[in-house]
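Each chain gets a letter, A, B and so on, in the order its sequence line appears, and its residues count up from 1. Please read these numbers as outputs of a predicted model, since none were measured by experiment.
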Amino acid sequence: MNRKVVKEDIDSRIFDAVNMVLLVIFMVIILVPLWNVIISSLSSGKALAEGGFIFWSKEFSLENYRAVFNDSSIGQSFLVSISKTFVGVFTHVFFCAMIGYGLSKRYIRGRKLYVAMGVITMFFSGGMIPTYLLIKSLGLLNSFWVYIIPALFSYYDVVILMNFFRNVPDSLEESAKIDGAGDWHIFLKIFIPLSMPAMATIALFNGVGQWNDFMTTKLYITNQALYPLQMKLYEIIVQSQTQSMQNIGGSAVIETTTKGVQLATIVITTLPIVAMYPVLQRYFISGMMMGAVKE
Amino acid sequence: MNKTAVVPSTSMPPNAKKPMRQRIKEFVIDYKRQWEIQSMILPGIIFMIIFCYIPIYGLTIAFKNYTVIDTLSSAPWVGLDNFKIILSDEYFWDAVVNTLGISFLKLGIGFIIPIILAIMIYELNMGRFKKFVQTISYLPHFLSWIVLGGMLITWFSTSGLFNELLLNLGLISKPSNILLDSGKYWWIATLSDIWKEAGWGTILYLAIMSKIDPTYYEAAKIDGASRLRQIWNITLPNMKSIISLNLILTVSGLLGSNLDQTLVLMNSQNRARAEVINSYVYRMGMTQGDFSYATAVGLGVSIVSVILLVTANKITSKLNDNQSVL
């Protein structure tokens, strides 16, 4: 009996050790490529052309970043990315909260119809071409507002906020109504401040989505002045891909310059996400759980 | 204050039949009385009609011959002609083969890895290390596909990380650009997707596991069950319904693919194996301007996806003692 317990203990320890080793390998698989990108972006053109390093560069240099910052169009793209993310997030959260608040009142007329309309939008959509034709006929092609207006609404986020508003005690609303407050006043002054955690979660997810979005630009924007960073990066990638295919064995210098710029742009594009990551992490698990709660 | 002021008259039983006219009249009266709160919902209704329902109506161009000079209503009806063309369109079927190839690889490997990973994380005893693993594993999810695509192109280039690794390990003798090799594209698409999403995929599983009653494990330990046996007999059965739900969603998405990923990783050398249905719709519609045909392809694929969803739900509910998870 005693020996059996000891054996189990050893088995369990072996299990823990193997488990740990496998997870460390998993983390190496994730971290090493990322580290390699950072190191490469900080390498000189010569080191990039030679290649042959994984953990540490042969020659460090800031030339790639200098090249990026000298290109004024990347600064413009950064500005577009920042403004579309901020404007997009604020309008989206407010719009969804407003509708979610309205729908959280069970007594409103037509509620069943509204909810049915919303649920249908979660499962059916017109798809790429009909949406493109709509955006075109609304005159939103090549307009900054194409980043904002079609992204105002998501029924999923409306449901999350609606559920959150439901958990606010009725007594708050009732006492405000006695004081003669209207629905808009109650929504803006009582419910919005109380729902900050839920709204922050939605804002963060929506913000990552806006920052990372590239299809909207690809589909609806041809004006370079309205390119966000993601699109700018895409252009650089396509450009350097074409070059590297034309120059197989050709001039390696041009190739590595675009490669360096590409790497530096990748790091700059990702930096805001990484900077926000600790905040994101605090919210996303609660966010996933909020989404899982049924109506 | 009592709410009766805003609640519609409930004196009548709700199911009683009233003449249509009277019902509309009552609705209008209530709507006016609730105007302030209705004014918050109205913008949403208008939004949904414009941005969701008009495009759904726009799907009718799949049955029309729409050209740039037409409007949606003036384009002539052509019935199922566009769908007939699909059947004999070689490029479309190539895209279907690629889509299914990549989807099945993603299903076969990418579906199981998050489950295993979640169990491994769940079995960790050290709180700090656990947090650290989770933090690192969720990170790639937040990179955009354009950023990851740029990274992949760098890693797979002739002087990049992968060639360096393979050279050092002695697996290859000469570096080559892996992304230009169309034969490897399916694997690149699959493995890069797993690299990005495997960690994120564990969140829901870990949340479900954290609700398992710990006394089960204590009882199993007393009975002398090994750790692997505990996983097999306690952890996995408790995750059965969430796993089947995920499986249903994955199966219904077999014909869908990641357009961002395809657009950034596809090049003239690997196109034959990289073109998927989504990117084909994009190319036909946006690049070649054949709106009607592209819409027909998209619509056809969504109809098949719905059929897949229903079938997968039926099969899994049979396996789950006739309990539907949807």
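Considering all non-hydrogen atoms of both residues, Leu228(B) and Phe15(A) come closest at CD2-CE1, 3.8 Å. Across Thr216(A) and Val146(A), no two heavy atoms sit closer than the pair CG2-O, 3.9 Å. Of all heavy-atom pairs between Ala116(A) and Tyr53(B), the closest is O-OH, 4.4 Å. Among all heavy-atom pairs drawn from Ile135(A) and Pro150(A), the shortest one is CD1-CG, 3.7 Å. Here the closest heavy-atom approach between residue Leu59(B) and residue Gly126(A) is recorded as CD2-O, 3.2 Å.
The candidate from Gly150(B), Ser292(B), Gly199(B), Gly298(B) with the greatest count of non-hydrogen atom pairs under 4.5 Å with chain A is Gly150(B). By number of non-hydrogen pairs under 4.5 angstrom with chain A, the leading residue of Leu259(B), Val264(B), Leu139(B) is Leu139(B). Counting heavy-atom pairs closer than 4.5 Å to chain A, the top-ranked of the candidates Ile49(B), Leu167(B), Ile136(B), Ile121(B) is Ile136(B). Contact count against chain B (heavy-atom pairs under 4.5 Å) is highest for Ile149(A) among Ile186(A), Leu113(A), Ile149(A). Interface summary for chain A: among Val281(B), Thr295(B), Leu42(B), the most heavy-atom pairs under 4.5 angstrom belong to Thr295(B). Of all the listed residues (Thr269(A), Val274(A), Ile120(A)), the one sharing the greatest number of non-hydrogen pairs under 4.5 Å with chain B is Ile120(A). Each of Val238(A), Leu219(A), Leu229(A) has some count of heavy-atom pairs under 4.5 Å with chain B, and the biggest count is that of Leu219(A). Heavy-atom pairs under 4.5 Å with chain B were tallied for Val24(A), Val158(A), Leu34(A); the largest tally goes to Leu34(A). Counting heavy-atom pairs closer than 4.5 Å to chain A, the top-ranked of the candidates Asn163(B), Thr135(B), Asn278(B), Thr154(B) is Thr135(B).
Neither the backbone nor the side chain of Ile119(B) comes within less than 4.5 Å of any heavy atom in chain A. With a 4.5 angstrom heavy-atom cutoff, Gln38(B) touches chain A only via side-chain atoms. Looking at Leu148(B), there are no atoms closer than 4.5 Å to chain A (heavy atoms on both sides), in backbone or side chain. Heavy atoms closer than 4.5 Å to chain B are found in the side chain of Leu134(A), but not in its backbone. There is no contact between Phe162(B) and chain A, counting heavy-atom distances below 4.5 Å. Looking at Ser302(B), neither its backbone nor its side chain comes within 4.5 Å of chain A, counting heavy atoms on both sides. Proximity to chain B (any heavy atom under 4.5 Å) is restricted, for Asn36(A), to the side chain, taken from C-beta onward. With a 4.5 Å cut-off on non-hydrogen atoms, Ile273(A) touches chain B through its side chain but not through its backbone. Only the side chain of Leu31(A) comes within contact range of chain B, with heavy atoms under 4.5 Å apart. If you measure heavy-atom distances from Met120(B) to chain A, the contacts under 4.5 Å come from both the backbone and the side chain. With a 4.5 angstrom heavy-atom cutoff, Leu143(B) touches chain A via backbone and side-chain atoms both. Proximity to chain B is limited to the backbone of Ser125(A), based on heavy atoms less than 4.5 angstrom apart. Both the backbone and the side chain of Leu263(B) come within less than 4.5 Å of a heavy atom of chain A. Heavy-atom distances place the side chain of Asn168(B), and not its backbone, under 4.5 Å from chain A. Within the 4.5 angstrom heavy-atom criterion, no atom of Leu152(B) approaches chain A. At a 4.5 Å heavy-atom cutoff, the contact between Pro43(B) and chain A is made by backbone and side-chain atoms alike. When heavy atoms are compared at a cutoff of 4.5 Å, Met117(A) approaches chain B by way of both its backbone and its side chain.
Proximity of a side-chain donor or acceptor of Asn270(B) to a complementary backbone N or O of Leu179(B) within less than 3.5 Å is detected.
Taking 4.0 Å as the cut-off between side-chain N and carboxylate O, Asp260(B) and Lys218(A) do not count as a salt-bridged pair. For the pair Asp30(B) and Arg33(B), the salt-bridge criterion is met [side-chain N within less than 4.0 Å of a carboxylate O].
Between Trp184(A) and Phe187(A), the two ring planes are perpendicular [angle over 60°; tilted spans 30° to 60°].
More than 12 heavy atoms of other residues, nucleotides or ligands shown are found within 6.0 angstrom of CH2 on Trp195(B). Within a 6.0 Å radius of CZ in Phe132(B), other residues, nucleotides and ligands contribute 12 heavy atoms or fewer.
Asn212(A) and Gln230(A) are linked by a side-chain donor-acceptor pair at a separation below 3.5 angstrom, with hydrogens and angles left out of the test.
Residue pairs meeting the ring pair (Phe, Tyr, Trp, His ring centres under 6.0 Å) criterion with at least one member in residues 114-133 of chain A, sequence neighbours excluded, are Tyr132(A)-Phe291(B).
Between Phe153(A) and Phe51(B), the distance separating the two ring centers is not shorter than 6.0 angstrom.
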Go through the steps for Asn177(B) and Gln269(B) under the test side-chain contact (heavy atoms from CB on, under 4.5 Å), then give the verdict. CA-CA 11 Å; Asn177(B) 192 328; Gln269(B) 305 289 308; over 6 Å; no
